Number of protein chains: 2
Amino acid sequence: MEQPDLRRAGLKVTGPRLKILDILANEAVGGHLSAEDVYRRLIDAEQDIGLGTVYRVLSQFEAAGLVTRHHFDGETAVFELNRGEHHDHVVCMDCQRVEEFTDEAIESLQSAAAARLGFEIVDHALILYGRCRREACPHRRRAG
Amino acid sequence: MEQPDLRRAGLKVTGPRLKILDILANEAVGGHLSAEDVYRRLIDAEQDIGLGTVYRVLSQFEAAGLVTRHHFDGETAVFELNRGEHHDHVVCMDCQRVEEFTDEAIESLQSAAAARLGFEIVDHALILYGRCRREACPHRRRAG
DNA sequence: TTTGCTGCAAATGCTTTGCATGTAG
DNA sequence: CTACATGCAAAGCATTTGCAGCAAA
């Protein structure tokens, strides 16, 4: 099921690539993994794959359109398997949880705003930073 | 005119800080400078201020709410003097030009989308990536 | 085989920090 | 005088890259 994706992308089907693809695919929707995250999971799964390879493979996947790279904070990039549909993100500032959403109205307003400025939009990043209401979220313990 | 800002922020009024504030203030709207950019302008202005200090001062300014740090690409942060009003950004992928805009409708749709997911929005980043129609823009020379 | 992949370690680029010295308040 | 700033160089991170050995096609 994943091998064709790799072939289509012009990438050889190798253990590391399959395994990394697998890790990304088994992530729940809204699960965004940093290279380190992927690396740790590989170690947990007894896979002997170097961090350098993880970066290389993730970059190749990105170039091939298999994954998308996000920069929710300015430091560490996180990767997400492309499931076809575009979406935006809400990130909880306390527990780092990420939720995804789409809003057609926002999308078209964006294009309109850009057109007004003489830009033709190729891509966009809309990230909302806030606090979620989840029980487990740290700020509920702090401030109530 | 700038000294009160520094005092209010609990920062001593020093040459480097005034000069950096000055550089940011003299930037046109839509001008976003990286630490290196600021540093280069300091050198051009014969100011002997280290790059480390530039970073330190910019971070302090950010903490004080005097400037905002953006990550248009995942690599280099750019800084912008806070002029009070919130706005979003359109970045030209070819010439790096940045334009600013505000759209009330988008803002409220964002809050609504977040609320639907159980988030209370604190901040957001909306960055549109596209191509501008400016004569000087590189892609016009490439593709016509 | 041949081309492309991997592991490892070294290199890179941005940003932060430690420390001794200097200066605003 | 004292607390805080600065310059400089070293350290820190995330990420990329060079290279020699290895594996997919």
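Letters go in sequence order (proteins before strands), and every chain restarts at 1. All values below were derived from every heavy atom in this structure, side-chain atoms included, with hydrogens, water molecules and symmetry-related copies excluded. Note that the structure is a prediction, hence the values are computed from the model and not measured.
- Of the residues in residues 42-49 of chain A, those with a non-hydrogen atom less than 4.0 angstrom from any atom of DNA chain C are A:D48, A:I49.
- The side-chain hydrogen bond (donor to acceptor under 3.5 Å, both in side chains) check on B:T53 picks up nothing, with sequence neighbours excluded.
- For CD of A:E120, the number of neighbouring non-hydrogen atoms (other residues, nucleotides, ligands) closer than 6.0 Å is 12 at most.
- B:R97 is linked by a side-chain contact (heavy atoms from CB on, under 4.5 Å) to A:F119, B:C92, B:C95, B:E99, B:C132, B:R134, counting only residues two or more places apart in sequence or in another chain.
- Using bins of under 30°, 30° to 60° and over 60° for the plane-to-plane angle, the ring pair B:F72/B:H70 lands in the parallel bin.
- A sub-4.0 Å separation between OP1 or OP2 of C:dT6 and a side-chain N or O of A:R17 is present.
- Each salt bridge (charged side-chain N to carboxylate O under 4.0 Å, His left out) pair with one or both residues in residues 38-55 of chain A, not counting sequence neighbours, appears once here: A:E27-A:R41, A:E36-A:R40, A:D37-A:R40.
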Sequence-aligned protein contact record of nucleotides 10-23 of chain C, with B where the base is within under 4.0 Å of a protein heavy atom and S where only the sugar-phosphate is: ----SBBBB-----

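- In the helix from C:dT1-D:dA25 to C:dG25-D:dC1, the rotation axis of the first five pairs and that of the last five pairs differ in direction by 40°, rounded to 10 degrees.
- Residues meeting the side-chain contact (heavy atoms from CB on, under 4.5 Å) test with B:A64, sequence neighbours left out: B:A9, B:L66.
- A:N26 is linked by a side-chain hydrogen bond (donor to acceptor under 3.5 Å, both in side chains) to A:D22, counting only residues two or more places apart in sequence or in another chain.
- Within the 4.5 Å cutoff, the side chain of A:I49 has no heavy atoms near those of the A:Y39 side chain.
- For A:D123, the side-chain hydrogen bond (donor to acceptor under 3.5 Å, both in side chains) criterion is met by no residue, not counting sequence neighbours.
- Of the listed residues (A:L126, A:D103, A:V90), just one forms a side-chain contact (heavy atoms from CB on, under 4.5 Å) with B:Q110, and that residue is A:L126.
- Listed by chain and residue number, nothing satisfies the side-chain hydrogen bond (donor to acceptor under 3.5 Å, both in side chains) test with B:R56 (two or more places apart in sequence, or in another chain).
- Mapping heavy-atom proximity under 4.0 Å, the span of DNA chain D touched by chain A runs 5' to 3' from D:dA14 to D:dA25.
- Applying the salt bridge (charged side-chain N to carboxylate O under 4.0 Å, His left out) definition to pairs two or more places apart or across chains, none involves residues 72-91 of chain B.
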